[in-house]
Amino acid sequence: CGIQNPVPYQLGDTPVSLLATREIIADIHCLVKKIFRPHVAVYAIMRKNDERKIVMQLTERINAHLRDLSDADRCIWRYIEGNRAAASRASIHELARACAVSSASVVRFAQKLGFDGFAEMKAVMRMEKTDHPIPANDVRTSLGSFYDQTWRTLMRRDYTRASRLIHEAHRVFAYASGYVQTNVMQEMKRLFVYDNIFIYEIAGREEFYSVYQTAGKDDLFIFISLSGESERVVEFADQLSLKNVPILSITEMRHNALAARSTENLYVMPAEIGLTENEQRLQFKSMLAYFLLLEIWYVHYRLYVQGQEMD
């Protein structure tokens with residue numbers, strides 16, 4: 001129509017052209033990005049931290065905060081550990097009565113473990129309750145369910161601290177408390193040697209105390225134990241704690257003495273699979289979780305190193 005700059009509408013009493021409208025929209029878009037970008041970043045960090053907090057199971061929290069727990073706290077934990085199903089359904093007053101403590105003590109116990117309060121701790125207990133697959137009549141189905149749950153659980157874990165410890169260590173030593181654990185240690189040595197991390201194997205008590213004389217805060221000791229209650233590994237961990245030497249433990253997911261003394265813990269969940277034709281022999285226990293843990297941790301370690309190099 002020969003009109004190059006039409007006025008489609010008015011902003012208050014002022015006519016606004018299409019060209020001016022586009023400029024206003026562009027300016028608003030830039031302004032919104034500047035205002036909300038920091039908040040989006042903070043939200044992303046908070047969400048990531050919340051996810052890590054939820055993934056961390058109750059047993060891990062107990063091992064991490066054991067030294068901070070009072071007698072009343074330990075009483076509450078003993079009840080929860082022995083009555084998981086009932087504790088996950090109980091109200092705060094019911095749990096307090098069962099433990100012979102006050103409701104305020106239950107709240108303080110939850111907060112010491114890093115929860116906002118009792119409600120959050122109860123939600124985690126319920127999640128853990130549904131985490132374990134119900135054993136199937138078909139052994140192959142049960143084994144498949146265990147494998148599926150194991151890798152999903154291990155993939156959700158945070159390996160940052162473990163990766164930082166082994167990356168920054170001047171020397172890395174490892175001790176295994178059994179035959180299967182020794183095989184796990186050999187696999188760990190094989191994986192990390194590709195990144196020029198040499199893990200020195202400690203064979204026994206005399207060798208440990210020989211190394212212990214020169215051990216310092218820039219070294220790392222890795223203990224691989226199924227129960228985490230072996231007398232020797234607990235003895236070694238106690239001695240290293242006196243010198244503030246970092247300890248990384250790899251144990252079964254349970255409250256144990258070794259994990260409570262460690263700087264960082266990595267957990268696995270072995271499973272006993274019922275084989276009817278094998279009733280007269282030892283129960284078959286799948287140890288795949290140990291080796292799967294190592295591979296997943298190693299991949300996270302490589303990613304951690306790449307991130308450090310980019311920074």
Side-chain angles (χ1 to χ4, degrees), residues 52 55-56 60 63-67 154-155 157-178 180-226 228 230 232-253 256-268 289-311:
R52 289 178 181 174
V55 167
M56 193 176 185
E60 293 181 75
N63 288 331
H65 299 280
L66 185 64
R67 297 175 185 176
L154 293 176
M155 286 295 292
R157 301 269 173 210
D158 181 17
Y159 299 90
T160 305
R161 291 185 63 190
S163 299
R164 184 185 303 117
L165 282 173
I166 198 168
H167 180 62
E168 296 179 355
H170 176 62
R171 297 179 300 177
V172 181
F173 301 94
Y175 176 80
S177 63
V180 175
Q181 293 88 328
T182 301
N183 290 335
V184 174
M185 179 175 61
Q186 297 301 329
E187 177 64 10
M188 181 174 63
K189 291 169 61 178
R190 185 190 69 83
L191 286 171
F192 282 97
V193 76
Y194 294 125
D195 288 82
N196 294 319
I197 295 179
F198 300 97
I199 300 175
Y200 302 96
E201 179 180 347
I202 296 176
R205 195 169 186 272
E206 291 184 3
E207 190 171 344
F208 169 78
Y209 281 102
S210 176
V211 172
Y212 174 75
Q213 300 302 320
T214 59
K217 296 180 181 180
D218 57 348
D219 295 321
L220 174 65
F221 281 74
I222 302 176
F223 292 119
I224 305 172
S225 171
L226 180 59
S230 166
R232 182 160 293 180
V233 296
V234 174
E235 174 192 344
F236 292 170
D238 281 336
Q239 293 298 318
L240 292 168
S241 297
L242 294 175
K243 298 179 70 173
N244 291 322
V245 178
I247 300 171
L248 172 63
S249 68
I250 301 177
T251 67
E252 186 177 5
M253 172 62 79
N256 64 80
L258 174 59
R261 290 162 169 79
S262 300
T263 311
E264 178 65 5
N265 312 299
L266 295 178
Y267 295 100
V268 295
Y290 277 102
F291 299 95
L292 192 55
L293 167 70
L294 289 181
E295 292 193 2
I296 293 174
W297 175 29
Y298 177 69
V299 170
H300 279 78
Y301 168 76
R302 293 292 300 271
L303 295 174
Y304 170 80
V305 172
Q306 291 177 12
Q308 293 297 304
E309 291 173 350
M310 290 176 63
D311 293 340

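All values reported here derive from a predicted model rather than from experimental measurement.
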Aromatic ring pairing Y159/H300, orientation class (parallel under 30°, perpendicular over 60°, tilted between): tilted
Distance (rounded to the nearest 0.5 Å) between L165 CG and T160 OG1: 11.0 Å
Derivation of the side-chain hydrogen bond (donor to acceptor under 3.5 Å, both in side chains) call for S249 and S262: CA-CA 6 Å; S249 68; S262 300; 3.3 Å; yes
Salt bridge flag under 4.0 Å for residues R232 and E235: no
V245 side chain reached by Y212 side chain, heavy atoms, under 4.5 Å: no
Which atom of N265 lies closest to which atom of A259, heavy atoms considered: OD1-O, 3.1 Å
Heavy-atom closest pair, residues L220 and A169: CB-CB, 3.7 Å
For F236 against R205, the heavy-atom pair lying closest together: CZ-CA, 3.8 Å
Test log, rule side-chain hydrogen bond (donor to acceptor under 3.5 Å, both in side chains), inputs N183 and Y290: CA-CA 10 Å; N183 290 335; Y290 277 102; over 6 Å; no
Y301 ring center within less than 6.0 Å of F192 ring center: yes
Parallel, tilted or perpendicular: rings of Y304 and H167 (30°, 60°): perpendicular
Short side-chain to backbone donor-acceptor contact, S210 and E206, under 3.5 Å: no
V193 side chain reached by F198 side chain, heavy atoms, under 4.5 Å: yes
Point-to-point distance, once rounded to the nearest 0.5 Å, from CZ of R157 to CH2 of W297: 15.0 Å
Minimum heavy-atom distance between T214 and R171, given as atom pair plus value: O-NH2, 3.2 Å
Heavy atoms from other residues, nucleotides or ligands near NZ of K217 exceed 12 (cutoff 6.0 Å): no
Parallel, tilted or perpendicular: ring planes of F208 versus F221, cut at 30 and 60 degrees: perpendicular
Short side-chain to backbone donor-acceptor contact, D219 and G216, under 3.5 Å: yes
Crowding at OH, Y209 (>12 non-hydrogen neighbours, <6.0 Å): yes
Closest non-hydrogen atom pair, A289 against V268: O-CG1, 3.6 Å
Donor-acceptor under 3.5 Å (E207 side chain, A203 main chain): yes
Minimum-distance pair of heavy atoms, taken over all atoms of S225 and L258: CB-CD2, 4.1 Å
Minimum side-chain heavy-atom gap L248-F223 below 4.5 Å: no
Pairwise side-chain contact, L266 with L293, heavy-atom cut-off 4.5 Å (strictly under): yes
Partners passing side chain to side chain contact (heavy atoms under 4.5 Å, CB included) against L303 (at least two apart in sequence or in another chain): V299, Q306
Inter-residue atom distance L294.CG - I224.CD1, 0.5 Å rounding: 6.5 Å
Main-chain N/O of T263 paired to R161 side chain as donor or acceptor, under 3.5 Å: yes
Pair V305-Q308, side chain to side chain contact (heavy atoms under 4.5 Å, CB included): steps then yes or no: CA-CA 5 Å; V305 172; Q308 293 297 304; 5.6 Å; no
Atom pair CE/CD of M188 and Q181 - distance to nearest 0.5 Å: 12.0 Å
Separation between CG of N256 and CZ of R261, rounded to the nearest 0.5 Å: 9.5 Å
Over 12 foreign heavy atoms within 6.0 Å of CZ, R190: yes
CD1 on I247 to CG on L240, rounded to 0.5 Å: 4.5 Å
